[in-house]
There are 2 protein chains.
Amino acid sequence: MAIESPTFSPLYRQIKDLLIQALQAGEWQPGEAIPSENELAVRFGVSQGTVRKAVDELAAEHMLIRRQGKGTFVATHDDPRSFFRFLRLVSNTGSVEPSISVPLECVRGRAGQEASRVLSMEVGEPMVMVRRLLKFGDKPVVLDEIYLRGELFVGLNLEVLQSWEGSLYSLFESRFGVRMIRATEKIRAIAADRNSAEVLCVAENTPLLSVERVSHTYGDKPVEWRRGLYLTTEHVYLNELG
Amino acid sequence: MAIESPTFSPLYRQIKDLLIQALQAGEWQPGEAIPSENELAVRFGVSQGTVRKAVDELAAEHMLIRRQGKGTFVATHDDPRSFFRFLRLVSNTGSVEPSISVPLECVRGRAGQEASRVLSMEVGEPMVMVRRLLKFGDKPVVLDEIYLRGELFVGLNLEVLQSWEGSLYSLFESRFGVRMIRATEKIRAIAADRNSAEVLCVAENTPLLSVERVSHTYGDKPVEWRRGLYLTTEHVYLNELG
DNA sequence: AAGTGGTCTAGACCACGTC
DNA sequence: ACGTGGTCTAGACCACTTT
């Protein structure tokens with residue numbers, strides 16, 4: 001008679017956790033292929049079908065990407081599909097303009113009360129703050145203020161940001177080994193203050209979206225706190241209610 | 001030598017489509033249990049595992065709900081979990097207040113150019129327009145203007161709306177047999193005009209979220225076009241980026 | 001005890017991509 | 001031709017709910 005574990009978890013979920021551990025440890029880099037299902041089945045001592053179910057869940061959560069005939073790959077923020085998962089902004093007209101990130105400021109400091117609460121840090125721990133502007137074509141559309149756990153982003157500065165071609169998450173992933181997995185956004189409507197209005201080239205008190213985001217990496221660890229001001233005269237925040 | 005169908009679709013997806021058809025036809029009502037996996041396997045002449053995969057997908061899309069030991073049930077908007085899928089508004093404080101729907105107006109008319117385009121109708125086809133206010137506690141928070149395909153909602157009027165306890169989608173589902181499956185929202189920040197400001201009890205030009213929604217029923221048929229004005233001083237629109 | 005969904009296995013075959 | 005993921009099957013057993 002076996003004692004039931006109080007927190008029973010099926011085999012495929014244990015395999016899933018092992019895979020997440022391996023991903024977190026960097027055993028396979030973003031963009032690389034992981035071993036085939038059969039190899040993983042042998043490695044973990046389970047059937048191929050059980051590995052399959054674990055991989056299925058990770059693929060559904062966008063941590064892995066399956067490609068029939070080729071293999072299963074570690075997801076990467078370089079992938080253009082990943083862009084729109086984390087920036088749900090499209091043009092009113094539906095036309096697709098490329099966005100350009102313009103870093104404005106990058107300063108290091110210590111966590112205040114609010115930041116430490118949101119990022120599960122102690123007050124006074126090192127932090128990095130980034131301000132940047134996002135342009136669609138010539139027009140400034142998003143003003144972001146980004147707070148990051150300092151210990152994870154040593155060496156991040158304005159120069160690094162300015163010389164990087166690509167998305168921020170792409171940079172974080174390849175330069176600092178921090179992969180954003182999921183995020184939560186809180187959206188409000190606010191009036192532009194003098195400073196934001198100036199940067200976004202609109203009149204003071206123009207209504208803006210305030211998008212507050214907390215991003216998490218493996219193990220649901222919060223690593224980024226971000227507040228974006230979105231100008232929505234020519235763009236829209238798109239959301240699917242599935 | 002068989003000719004390959006150009007639009008190959010695996011067995012479980014065909015089963016899935018058959019299940020959707022049955023749901024659409026109302027073979028099983030919202031809240032009811034559908035036949036067991038084994039029964040369905042016999043009925044469709046496939047293995048239980050194939051039925052399982054079809055049901056898995058429908059459960060992932062919230063059309064069915066699995067309950068171990070009990071059976072698989074047709075999803076219903078009466079379920080409180082369904083509420084927050086389609087109204088992603090929570091209090092700033094995190095406290096959960098119940099929301100009350102106050103119908104203001106219900107008029108019938110004919111589709112204009114914009115409405116007909118969004119709902120894939122012909123200009124001039126019958127429509128119903130509903131205006132309603134959503135209150136959290138005593139406070140008005142959302143002003144909705146809702147356009148529905150008239151032919152699907154015969155008998156919908158202000159009296160029906162006022163006498164209904166529960167969500168709109170709950171009413172649509174049980175009274176008119178129209179189940180909303182998924183929706184797309186476009187979010188902007190705008191300034192309250194005189195009328196909206198008055199109804200929401202705020203000053204003119206107060207920033208509001210403009211949430212434009214198109215809801216779809218089975219077969220991705222658009223049946224509702226809705227524009228909500230959200231007051232976000234004490235509430236937030238919550239979104240998960242998975 | 002019986003019925004439901006949930007897990008796990010093993011094996012066969014298909015579709016896709018590469019060599 | 002071969003290796004990959006994708007589908008389908010059949011059967012065993014587990015966990016949960018109801019009778």
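So you know, we letter chains A, B, ... as the sequences are listed, proteins then strands, and number each from 1.
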In terms of the angle between their ring planes, are B:H235 and B:F136 parallel, tilted or perpendicular, with boundaries placed at 30° and 60°?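 Rings of B:H235 and B:F136: tilted, as their planes differ by 30° to 60°.
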
Closest to the A:Q68 side chain: C:dC16, D:dT4, D:dC8?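 From the listed options, C:dC16 comes nearest.
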
Which nucleotide sits closest to the side chain of B:S47: C:dT9, D:dA10, D:dT4?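 Selected nucleotide (nearest to the side chain): D:dA10.
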
Is any side-chain nitrogen or oxygen of [X] closer than 4.0 Å to OP1 or OP2 of [N]?
X: B:T72; N: C:dG5; result: yes
X: B:R66; N: C:dG6; result: yes
X: B:R52; N: C:dG5; result: no
X: A:T50; N: C:dC8; result: no
X: A:K70; N: D:dG3; result: no
X: B:R67; N: D:dC16; result: no

In this structure, which one of B:K135, B:R132, B:Q162, B:E165 forms a side chain to side chain donor-acceptor pair (under 3.5 Å) with B:S101?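 One option only clears the test, and that one is B:R132.
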
Under 6.0 Å from the six-membered ring centre of A:Y169 and within 45° of its axis: does the NZ or CZ of A:R179 meet both?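 Pair A:R179/A:Y169 does not count as cation-pi.
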
Heavy atoms under 4.0 Å, any strand shown: does B:V46 hit a base, just sugar-phosphate, or nothing?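 The answer is sugar-phosphate, as B:V46 gets under 4.0 Å only of primed atoms, P, OP1 or OP2.
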
Looking only at side-chain N and O atoms, does A:Y237 offer a donor or acceptor that is under 3.5 Å from a partner on B:N239?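 Looking only at side-chain atoms, A:Y237 and B:N239 do form a donor-acceptor pair, the distance falling under 3.5 Å.
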
